[in-house]
Each structure stands twice: as structure tokens, then as C-alpha cells.
Amino acid sequence: MMLHILLISLIPIFAVMVTGYLSGKYGKIDNKNVASLNVLTMEFALPAALFGTTARASRTVLAQQWPLLFTLLLSMLIVFALVWVLSRYISKFSAAIAAVIALSVSLPNYAAAGIPLASAVFGVTGKLYITTAIVSGAIVMSPLTLAFLEAQKSGVHQKGLSLFFVSIGRSLLKPLVVAPFLGVAIALLGFTLPDYILRSFDLMGQATAGAALFVTGLILSAQKVSFSPRILFLSLLCNVIQPLLAWLLTLIIPMPAEMAHAVILLTALPAGFFGLLFALRYQADSQDAGSIMVISTVMSLVTLTVTLTLVFGLSVSVLP
């Protein structure tokens, strides 16, 4: 049973990611220009999946997600602050590049690896867990990083706070945020959408996991990897220290056992590609973000397997 859970959860994730990597490495798809594929994933498929999941949820189930949201945000913000300070004052990077590195380490790959993994391990409830995780990154972590990048772009560093609030406002208008908020509103108001509408969103949303994993592999194939001690430390911080921090937080913040296991598993996911995409978009140095993503993803073959084994074992132990 344990082996089956491991295989069904992890093998498909890495199989699709490797396919994207090989497609980019051998020139089948241009790995330097992934903007269109990223738009398909992040502005169409993923929002559709998030809307369908939240619109179907009951009020009670949605209200129960607050401990998950708070714990994930707290763990990500702590790691972000730590990495930003180290990158800014120890490694002497600019505030903007330090923010890109901090985002790469603190924001796990929820969109690509998280969706299939959470669904395989936690079933229908896993979709709500991963939706909550993605929304937390979209409305807090991304705008926080964009504030630093916009400040550097404008050259007016003293207005960073105002730029942060502008970024928050812009993020609230993005499909990635609007879609789950609309779904939550529909669920809280008690509306039931017709099946043909929900199935339309489902059809678009089904492309999310495969497309996001493929794009991740494609991006990885274009990166030059640094194996410096600093990059290895940051990758360990992402894959090992952050889930340990999340585990400590679950001991302090009251929540159901299954939700605590979801927090640990989601924070153990490898580094996401948002930091790299932001770096490319704002013409910032992307080598560190790319290296962290590559090493963290390869490292997760071991760390995610160990975490999944422990979490699944804990899940079994609390069953009646």
C-alpha cells in the first residue's frame, strides 16, 4: 500500500517534468520563450481549476481552511525574511535580486507538483488544500516580491511600501486570485452552479497539472546550474528546513491531523518557478533562482519521498 501511494503520487510528476526537460534540451520546443505556455497555465487552466474546486465546496469546509492558510503563510514569510536578509547583507545582492532568491526558496511549486500530489494523497480534500496554498502565494508572496522589483525598476526605493500596496492591488485583479475568490463567494452564498458550467471549468482545469509540470521541465532545461555551497544551503532550506519549520508550527497552531500533514507535505515541495519567471520578466539575475529550482527539484526525489512516507504513515496511524 505504501509503495503504491509513493508510485502513484511521485512517478507521474517526475515523468511529465522529465518530458518537458528533454523537449527543451533537444530543441523540440524553444525553452527560451515559455511565456505563452506560462500564460495558458497560470491565467487560464489553473484559475479554472481553482474556481471549480472552490465553487463546489461547502461553507463549513471553506471555513475550516483558515489554519492551513495562516500556517502556510507564516512559514513562507519566515523563510522569505531569513533568505532575504542573508542574500542582502551577507551575499550583498540588491534588494530586488534578494527578493527573487527569497521567493524561489520560500514559495514551493504548488501549481505544478502540488496539485497532482495533494489529490493523490488526500483525495477531494487535497484540492481544497492546494487551492488554499496557491491563493496564499498569489495574494501575499508574489506581490511582496513584485514590490522590490518594481522599486528597483522605478529607481525610487523609498517608495517601496506604497509600491507594495500597489502590487497587492494589481494582484487582486489577476485571474489566479479572482477565480478562487469568486468560487468562494458562490459557495458562501449557497449558490449551486449548473453542472454544464462547472464541467466547462473542469475541462479547462484538467490541463493545469500536466501543463505546469511540462513548463517546469522546460524552464529547467534552459538553466545553467551552480553547485556552490550557498545554493546547496538554500536548496536544503527549501526542501528540509521549511517543512521542519511548518511541522513546528502545526504543533502550535490548532488544526486537524490531516490538515497538519497537508501543511508539512506542501511545504516539502521543491522550489517553484515564480522567482525565475519574475527574474526573467524584470531582467534581473536569474542564475541563482534557476539553480535553486534545478537542485531543489532533483533533491526532492529523496526529500519528498521521505516526507510523503512519514506523512502517509502518520495519516494511517490516526485513522480509526
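Positions are given from 1, in the same order as the sequence printed here.
A donor-acceptor pair under 3.5 Å is absent between the side-chain atoms of Thr53 and the main chain of Leu50, judged by distance alone. Put simply, the side chain of Thr208 gets close to the backbone of Ala45: a donor and an acceptor are under 3.5 Å apart. Side chain of Arg88 to main chain of Ser94: no donor-acceptor pair is present (N/O by atom type, distance under 3.5 Å, no hydrogens or angles).
Across Met299 and Ser235, no two heavy atoms sit closer than the pair CE-CB, 3.8 Å. Nearest heavy-atom pair, Pro108 versus Met76, reported as atom, atom and distance to 0.1 Å: CD-SD, 4.0 Å. Closest non-hydrogen pair, Trp84 versus Ala102, comes out as N-CB, 3.9 Å. When every heavy atom of Leu213 is checked against every heavy atom of Pro116, the shortest pair comes out as CD1-CG, 4.2 Å. Taking both residues in full, the closest heavy atoms of Leu218 and Ser23 are given as CD1-C, 4.4 Å, listed atom of the first, atom of the second, then distance. In plain terms, the two heavy atoms of Ala55 and Leu198 that are nearest each other are CB-CD2, 4.2 Å.
Leu265 CG to Leu310 CG: the interatomic distance, rounded to the nearest 0.5 Å, is 10.5 Å. Note that CG of Leu237 is 9.0 Å distant from CD1 of Ile292, once rounded to the nearest 0.5 Å. Within the model, atoms CD1 of Ile78 and CG of Leu249 stand 5.5 Å from one another, a figure rounded to the nearest 0.5 Å. Atom CD1 of Ile101 and atom OG of Ser106 lie 11.5 Å apart (nearest 0.5 Å). The NE2 atom of His261 sits 8.0 Å away from atom CZ of Phe122, with the distance rounded to the nearest 0.5 Å. The structure places CG of Leu69 at 12.0 Å from OG1 of Thr131, a figure rounded to the nearest 0.5 Å.
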Apply side-chain contact (heavy atoms from CB on, under 4.5 Å) to residues Val83 and Ser87 and explain how you reach the verdict.
CA-CA 6 Å; Val83 175; Ser87 299; 3.8 Å; yes
What's the verdict on side-chain contact (heavy atoms from CB on, under 4.5 Å) for Leu117 and Leu308, showing C-alpha distance, side-chain angles and the deciding distance?
CA-CA 9 Å; Leu117 186 60; Leu308 182 58; 4.3 Å; yes
With side-chain contact (heavy atoms from CB on, under 4.5 Å) as the test, would you mind laying out the steps for Leu232 and Leu236 before giving the verdict?
CA-CA 6 Å; Leu232 293 175; Leu236 281 172; 5.6 Å; no
Could you please spell out the steps behind the side-chain contact (heavy atoms from CB on, under 4.5 Å) verdict for Ile134 and Ile115?
CA-CA 10 Å; Ile134 291 171; Ile115 291 176; 4.3 Å; yes
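In this structure Phe70 satisfies the side-chain contact (heavy atoms from CB on, under 4.5 Å) test together with Leu74, Ile253, sequence neighbours excluded. Take Phe51 and apply the ring-ring contact (aromatic ring centres under 6.0 Å, His included) test, not counting sequence neighbours, and it matches Phe201. For Asn239, the side chain to side chain donor-acceptor pair (under 3.5 Å) partners are Ser296, Thr303, not counting sequence neighbours. The side chain to side chain donor-acceptor pair (under 3.5 Å) check on Ser221 picks up Asn31, with sequence neighbours excluded.
In terms of hydrophobic clustering, with Ile, Leu, Val, Met, Phe, Trp and Tyr side chains grouped at heavy-atom distances under 4.5 Å, Leu304 and Ile241 are assigned to a common cluster. In the hydrophobic clustering of this structure, Leu77 groups with Trp247; members are Ile, Leu, Val, Met, Phe, Trp, Tyr whose side-chain heavy atoms approach within less than 4.5 Å, directly or through other members. The cluster map of Ile, Leu, Val, Met, Phe, Trp and Tyr, joined by side-chain heavy atoms under 4.5 Å apart, puts Val240 and Val298 in different clusters. When hydrophobic clusters are built by joining Ile, Leu, Val, Met, Phe, Trp and Tyr residues whose side-chain heavy atoms come closer than 4.5 Å, directly or via intermediates, Ile231 is grouped together with Val85. Both Leu244 and Leu72 are assigned to one and the same hydrophobic cluster, defined by single-linkage of ILVMFWY side chains at heavy-atom distances under 4.5 Å.
Listed by first and then second residue, the salt bridge (Lys or Arg N to Asp or Glu O under 4.0 Å) pairs that reach into residues 114-142 come to none, sequence neighbours excluded. Evaluation of the salt bridge (Lys or Arg N to Asp or Glu O under 4.0 Å) test over residues 36-57, restricted to residues two or more places apart or in two chains, returns Arg56-Asp202.
Side-chain contact between Arg230 and Leu86 is absent, with no heavy-atom pair separated by less than 4.5 Å. Inter-residue side-chain proximity for Phe148 and Val100 is flagged as unmet; no heavy-atom pair is nearer than 4.5 Å. Ile252 has its side chain out of reach of Leu248: every pair of non-hydrogen atoms, C-beta onward, lies at least 4.5 Å apart.
Atom CZ of Phe44 is surrounded by 12 or fewer heavy atoms from other residues, nucleotides or ligands within 6.0 Å.
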